[in-house]
K.L.:
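There's a structure below that I have some questions on.
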Amino acid sequence: MTQPEQPALTRARTLVAGNSERFARNVFARLFAMKPVLRELFPAEMARVRESFVDVVDHVLASIAAPDGHGELVDFLAQLGRDHRKYGVVSEHYWLMYDALMSEFEYAFGAGWTDAAEESVGQAMLLLTGVMRGAAESASEPVQWQARVVQKFSITRDRAIVRLVATGPHPAYAAGQYLETQIPQWPRTWRNLSPAIPDNPNGELEFHVRAVPGGRISRTIVSETRVGDVWTFAQRHGTMQLDPAKPSLLIAGGTGLAPLRALLIDYAQYAEPAPVHLFYGTEYPGELYELGVLRQLAATNPWLRITGVTENVDDPWWLTDAADPRQWGLELVYGRVGEVAAGYADWSDRQVLLCGPAPMVFHTALRLRAAGVDADAIAHDPLT
Ligand SMILES: NC(=O)C1=CN([C@@H]2O[C@H](COP(=O)(O)OP(=O)(O)OC[C@H]3O[C@@H](n4cnc5c(N)ncnc54)[C@H](O)[C@@H]3O)[C@@H](O)[C@H]2O)C=CC1
């Protein structure tokens, strides 16, 4: 394959960026016109799909011109191809998508659609659709698996714990990873959720969910999920892990505790692992719902130290029936969890894991870096 021409790729990126919403709409319109049944594979609300789609097209156009090989790009597209199996996308659909993309680029380029432009853009789109198709064809794991809700209870008015049991064998996930999840109330719509317990032979799963403002899926889980609902899972992702040979600092915001909790339970299997200090923060003391469980874990695992952090000293009037975390005798500090943790000690020798609301993770990482922690030592899931 000859190196695609930079000017044509740059022009293609400019055209897409000029009106990315229209570009994506037109490509999908062309695709659905060629095969109307494909519309059923996508969620009713396409805005997020279109946004991600344009990001991928732009990423490919930007990366393919790089002279130093396309290793990372190929890995990225291969993962995307495996992920897309859950939508019911099959090989033939990738050829149709290639045709839809090329027709739209031809339309967008207008008189500028020269042989050279067609060849360069064609190579990029062939790479995009070809790598995704190839990876999907060679993937060996089941596309989807299911689990049934066996228990659900509210922690506060906008947070719930949901427990499920897998209905059959499922691909194991590593503690700290998150799973692509679909709930029956929102068919064909996928969200990432982090299990709060490690993978286990009984297929038991536990999720801690906050109804985030504007979050359709999380709100539905908190308000509508019932025992007996069947959830569907697809790929697992995420690279957060704990090396038992290195001391760690874990900082959790609210239900962001979930994957760190799974990691701690998993970590407890080691005989004498390196120390771990967990800072667990919420807005109000009554929201530190997991302190009781964490205290039990710390009582039998001397390597674990826990500090609860709350922004407010007292609970608001609406936080009823909340347990007072002071009863567990654990350290409780007031402030924002990231600021409290960063100023608490010298963490420069620690591996650091962060999880919680995106602004909290972002600000905590900044604070830690300002306090001398190396950026490479800090890990968290992608911020969305
Ligand atoms: N794998 C992942 O990335 C996971 C992410 N989450 C996310 O974690 C969030 C948890 O929400 P809640 O339980 O309501 O936690 P929350 O909103 O009550 O926040 C908990 C902590 O974050 C701090 N915080 C909040 N906003 C901040 C800001 N702008 N700057 C600095 N610190 C801030 C608070 O001071 C508190 O200590 C959800 O948005 C959920 O999507 C939850 C589970 C897994």
Side-chain angles (χ1 to χ4, degrees), residues 154-162 173-181 190-198 205-222 233 235-242 249-264 278-291 294 306-313 315-316 318-319 322 325 331-344 352-371 378-384:
S154 298
I155 317 165
T156 61
R157 60 179 183 175
D158 58 358
R159 294 182 184 85
I161 288 183
V162 184
Y173 61 88
Q177 284 196 306
Y178 51 94
L179 304 175
E180 294 172 345
T181 308
W190 295 84
R191 287 291 179 279
N192 294 323
L193 291 182
S194 302
I197 54 174
L205 293 150
E206 176 173 318
F207 296 96
H208 300 188
V209 181
R210 155 95 200 271
V212 291
R216 291 173 303 165
I217 308 294
S218 62
R219 298 207 83 79
T220 304
I221 292 174
V222 170
F233 300 95
Q235 296 284 310
R236 61 207 186 280
H237 301 275
T239 53
M240 284 203 293
Q241 52 187 328
L242 276 181
L249 167 65
L250 271 48
I251 306 178
T255 54
L257 178 69
L260 305 183
R261 182 187 191 272
L263 279 164
L264 285 176
L278 167 69
F279 287 82
Y280 170 36
T282 55
E283 205 176 341
Y284 299 106
E287 293 176 323
L288 287 170
Y289 64 95
E290 277 287 308
L291 265 193
L294 293 170
I306 293 162
T307 302
V309 184
T310 67
E311 286 189 33
N312 297 283
V313 177
D315 285 333
W318 49 262
L319 201 51
E331 181 179 33
L332 194 61
V333 181
Y334 300 104
R336 282 196 156 174
V337 67
E339 285 163 29
V340 169
Y344 192 93
V352 182
L353 300 184
L354 310 178
C355 196
M360 171 244 148
V361 172
F362 183 75
H363 288 118
T364 302
L366 284 183
R367 292 262 167 183
L368 289 166
R369 290 183 63 184
I378 303 173
H380 55 77
D381 285 337
L383 302 179
T384 49

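Order of appearance sets the numbers: ligands from 1, and atoms from 1 within every ligand.
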K.L.:
Check contact between V309 and ligand 1, using heavy atoms of the residue and a distance below 4.0 angstrom.
P.N.:
no

K.L.:
Heavy-atom distances under 4.0 Å decide this one: backbone, side chain, both or neither, for D381 against ligand 1?
P.N.:
side chain

K.L.:
Among G256, G335, A196, which one has a heavy atom closest to atom 6 (N) of ligand 1?
P.N.:
G256

K.L.:
Using 0.5 Å steps for rounding, measure from the CG atom of N192 to the CG atom of L179.
P.N.:
8.5 Å

K.L.:
Decide whether an N or O pair under 3.5 Å exists between T255 and ligand 1.
P.N.:
yes

K.L.:
Measure R159 to ligand 1 on non-hydrogen atoms and call it side chain, backbone, both or neither using the 4.0 Å cut-off.
P.N.:
side chain

K.L.:
Would you confirm whether T156, through its side chain, and E287, through its main-chain N or O, come within 3.5 Å as a donor-acceptor pair?
P.N.:
no

K.L.:
Between R191, R236, H237, which is the residue that forms a side chain to side chain contact (heavy atoms under 4.5 Å, CB included) with Y178?
P.N.:
H237

K.L.:
Looking only at heavy atoms, is any part of M360 under 4.0 Å from ligand 1, and if so is it the side chain, the backbone, or both, or is it neither?
P.N.:
both

K.L.:
Backbone or side chain, does any N or O of E287 fall under 3.5 Å from an N or O of ligand 1?
P.N.:
no

K.L.:
Is there a heavy atom in C355 that sits closer than 4.0 Å to ligand 1?
P.N.:
yes

K.L.:
When the ring planes of F207 and F233 are compared, do they come out parallel, tilted or perpendicular, using 30° and 60° as the limits?
P.N.:
parallel

K.L.:
For atom 15 (O) of ligand 1, which protein heavy atom lies nearest, and how many Å away is it?
P.N.:
G254 CA, 3.6 Å

K.L.:
Specify the protein heavy atom at minimum distance from atom 35 (O) of ligand 1: its residue, its atom name, and the distance to 0.1 Å.
P.N.:
E311 OE2, 2.3 Å

K.L.:
In the protein, which heavy atom is nearest to atom 44 (C) of ligand 1, and how far is it?
P.N.:
S194 OG, 3.5 Å

K.L.:
Atom NE2 in H380, atom CE in M240: separation rounded to 0.5 Å?
P.N.:
9.5 Å

K.L.:
In the protein, what heavy atom is nearest to atom 29 (N) of ligand 1, and what distance, to one decimal place, separates them?
P.N.:
P359 CB, 3.3 Å

K.L.:
Distance from T307 atom OG1 to L250 atom CG, nearest 0.5 Å?
P.N.:
12.0 Å

K.L.:
Among all the protein's non-hydrogen atoms, which is closest to atom 38 (C) of ligand 1, and how far away is it?
P.N.:
V212 CG1, 3.9 Å

K.L.:
What protein heavy atom sits nearest atom 28 (C) of ligand 1, and how far away is it?
P.N.:
R336 NH1, 3.7 Å

K.L.:
List the atom of L368, the atom of L354, and the distance in Å for their closest heavy-atom pair.
P.N.:
CD1-CD2, 3.9 Å

K.L.:
Going by the rule side-chain contact (heavy atoms from CB on, under 4.5 Å), which residues pair with T310 if we only count those two or more places apart in sequence or in a different chain?
P.N.:
T282, P285, L288, L332, Y334

K.L.:
Would you find a donor on one side and an acceptor on the other, under 3.5 Å apart, between the side chain of E180 and the backbone of Q235?
P.N.:
yes

K.L.:
Apply side chain to side chain contact (heavy atoms under 4.5 Å, CB included) to the pair I217 and L193, showing each step before the final yes or no.
P.N.:
CA-CA 11 Å; I217 308 294; L193 291 182; over 6 Å; no

K.L.:
What part of V337, side chain, backbone, both or neither, has a heavy atom within less than 4.0 angstrom of ligand 1?
P.N.:
both

K.L.:
Going through the checks in order, is the side chain to side chain contact (heavy atoms under 4.5 Å, CB included) test met by I306 and E331?
P.N.:
CA-CA 7 Å; I306 293 162; E331 181 179 33; over 6 Å; no

K.L.:
Could you tell me whether P357 approaches ligand 1 through its side chain, its backbone, both or neither, with non-hydrogen atoms closer than 4.0 Å?
P.N.:
both

K.L.:
Which atoms of ligand 1 are found less than 4.0 Å from any heavy atom of R210?
P.N.:
11 (O), 12 (P), 14 (O), 17 (O)

K.L.:
Evaluate the criterion side chain to side chain contact (heavy atoms under 4.5 Å, CB included) for residue pair N312 and E283; output intermediate values, then yes/no.
P.N.:
CA-CA 6 Å; N312 297 283; E283 205 176 341; 3.6 Å; yes

K.L.:
Between G356, P382, G215, A341, which one has a non-hydrogen atom sitting closest to atom 8 (O) of ligand 1?
P.N.:
G356

K.L.:
Regarding ligand 1, does E283 bring an N or O atom to under 3.5 Å of one of the ligand's N or O atoms?
P.N.:
no

K.L.:
Against heavy atoms of H363, which atoms of ligand 1 measure under 4.0 Å?
P.N.:
30 (N)

